[in-house]
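Report on the following structure.
Computation of the quantities below employed the complete heavy-atom set of this structure, encompassing side-chain atoms and omitting hydrogens, waters and symmetry-equivalent molecules. Note on naming: letters A, B, ... go to the chains in the order of the sequence lines (proteins, then strands), and numbering restarts at 1 for each one.
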Amino acid sequence: DTGVSQNPRHKITKRGQNVTFRCDPISEHNRLYWYRQTLGQGPEFLTYFQNEAQLEKSRLLSDRFSAERPKGSFSTLEIQRTEQGDSAMYLCASSLVSGTTKETQYFGPGTRLLVL
Amino acid sequence: AQTVTQSQPEMSVQEAETVTLSCTYDTSESDYYLFWYKQPPSRQMILVIRQEAYKQQNATENRFSVNFQKAAKSFSLKISDSQLGDAAMYFCAYREGVTNFGNEKLTFGTGTRLTIIP
């Protein structure tokens, strides 16, 4: 399967713990995006990367959140000192942007986080 | 800021019938893209159809078509010959078209849950 993959698919943690999620984009895609989706809502943009450079961060991404894409391939999203309000589905998407061509974003299955 | 509004939280349709999901958006840009994504229960979000704002012709993909009214900022999705596998949350999404920093994000509506009645 050459689609976007995310691990783990589910994560249950206690408040105050740190968690890390991984996203593997489609191999030739140079853009990678993170979104958060809470129950009953549409996904909300968190941040995105062009290759290894993080180009924009949403105000939703507090100081407890950090994302990396060290070699321009997979990405990790870490949440430190988790809070119950962090409980959500974390979605990763990737796309190919070349010159003026902006391709569709393809989504992974998401990581569902529950903070107890 | 761009906003996307889906005013129908839930819709239902008889199998084999046609249903239309509504979406309106607000933007001051002239170049942008609109999308409909489908999110089946416990499964990943997949693209249904995409429309470039500069194209006057409405996009179609098999049983799925859109009615894009640029002046009215309306972008509805029509599903013909509804099938049980069409049951899902449907999200309308907007993205700016100009290649600049900060313009890559998708802005989603709150979704419409579509139920197919056998």
Applying the 4.5 Å side-chain criterion to the ILVMFWY set and letting contacts propagate, would [X] and [Y] be lumped into a single cluster?
{"X": "Val19(A)", "Y": "Leu60(A)", "result": "yes"}
{"X": "Tyr90(A)", "Y": "Ile26(A)", "result": "no"}
{"X": "Ile79(A)", "Y": "Phe74(A)", "result": "no"}
{"X": "Phe65(A)", "Y": "Tyr48(A)", "result": "no"}

Count the heavy atoms of every other residue, nucleotide or ligand shown that sit under 6.0 Å from [atom1] of [X], and state whether that count exceeds 12.
{"X": "Lys78(B)", "atom1": "NZ", "value": "no"}
{"X": "Gln14(B)", "atom1": "CD", "value": "yes"}
{"X": "Lys70(B)", "atom1": "NZ", "value": "yes"}
{"X": "Arg63(B)", "atom1": "CZ", "value": "yes"}
{"X": "Ile12(A)", "atom1": "CD1", "value": "no"}
{"X": "Leu39(A)", "atom1": "CG", "value": "no"}
{"X": "Glu28(A)", "atom1": "CD", "value": "yes"}
{"X": "Arg64(A)", "atom1": "CZ", "value": "yes"}

Inset, instruction - Could you walk me through whether Tyr35(A) and Leu106(B) pass the side-chain contact (heavy atoms from CB on, under 4.5 Å) test, one step at a time? - result: CA-CA 9 Å; Tyr35(A) 293 84; Leu106(B) 289 169; 3.4 Å; yes
Inset, instruction - Answer with side chain, backbone, both or neither: which region of Gln6(B) has an atom nearer than 4.5 Å to a non-hydrogen atom of chain A? - result: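 No part of Gln6(B) comes within 4.5 Å of chain A.
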Inset, instruction - Can you see which heavy atom on Arg50(B) is nearest to which on Thr104(A), and at what distance? - result: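 Scanning both residues completely, I find the closest heavy atoms to be NH1-OG1, 3.0 Å.
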Inset, instruction - For side-chain contact (heavy atoms from CB on, under 4.5 Å), just list the numbers for Thr107(B) and Phe45(A), CA-CA rounded to whole Å, side-chain angles, deciding distance to a tenth of an Å, and then say yes or no. - result: CA-CA 7 Å; Thr107(B) 300; Phe45(A) 171 80; over 6 Å; no
Legend entry - NZ on Lys105(B) to OH on Tyr33(A), rounded to 0.5 Å: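 Between atom OH of Tyr33(A) and atom NZ of Lys105(B) there are 12.5 Å.
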Legend entry - Euclidean distance, Phe107(A) CZ relative to Phe91(B) CZ, rounded to 0.5 Å: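 Between Phe91(B) CZ and Phe107(A) CZ, I get 10.0 Å after rounding to 0.5 Å.
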With a 4.5 angstrom heavy-atom cut-off, is it the side chain or the backbone of [X] that approaches chain B, or both, or neither?
{"X": "Glu44(A)", "answer": "neither"}
{"X": "Leu46(A)", "answer": "neither"}
{"X": "Arg112(A)", "answer": "neither"}

Legend entry - Any side-chain donor near an acceptor of the partner, Gln37(A) and Gln39(B), under 3.5 Å: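 A pair is found: one side chain offers a donor N or O, the other an acceptor, under 3.5 Å apart.
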Legend entry - Top of Ser58(A), Gly42(A), Gly110(A) for chain B proximity - count of heavy-atom pairs under 4.5 angstrom: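 Ranked by heavy-atom pairs under 4.5 Å with chain B, first place is Gly42(A).
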Inset, instruction - Run the numbers on Gln6(A) and Gln44(B) for side-chain contact (heavy atoms from CB on, under 4.5 Å), then give the verdict. - result: CA-CA 11 Å; Gln6(A) 292 185 247; Gln44(B) 68 197 80; over 6 Å; no
Legend entry - Interface residues of residues 108-118 of chain B facing chain A - heavy atom cut-off under 4.5 Å: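 Only Phe108(B), Gly109(B), Thr110(B) of residues 108-118 of chain B have a heavy atom under 4.5 Å from chain A.
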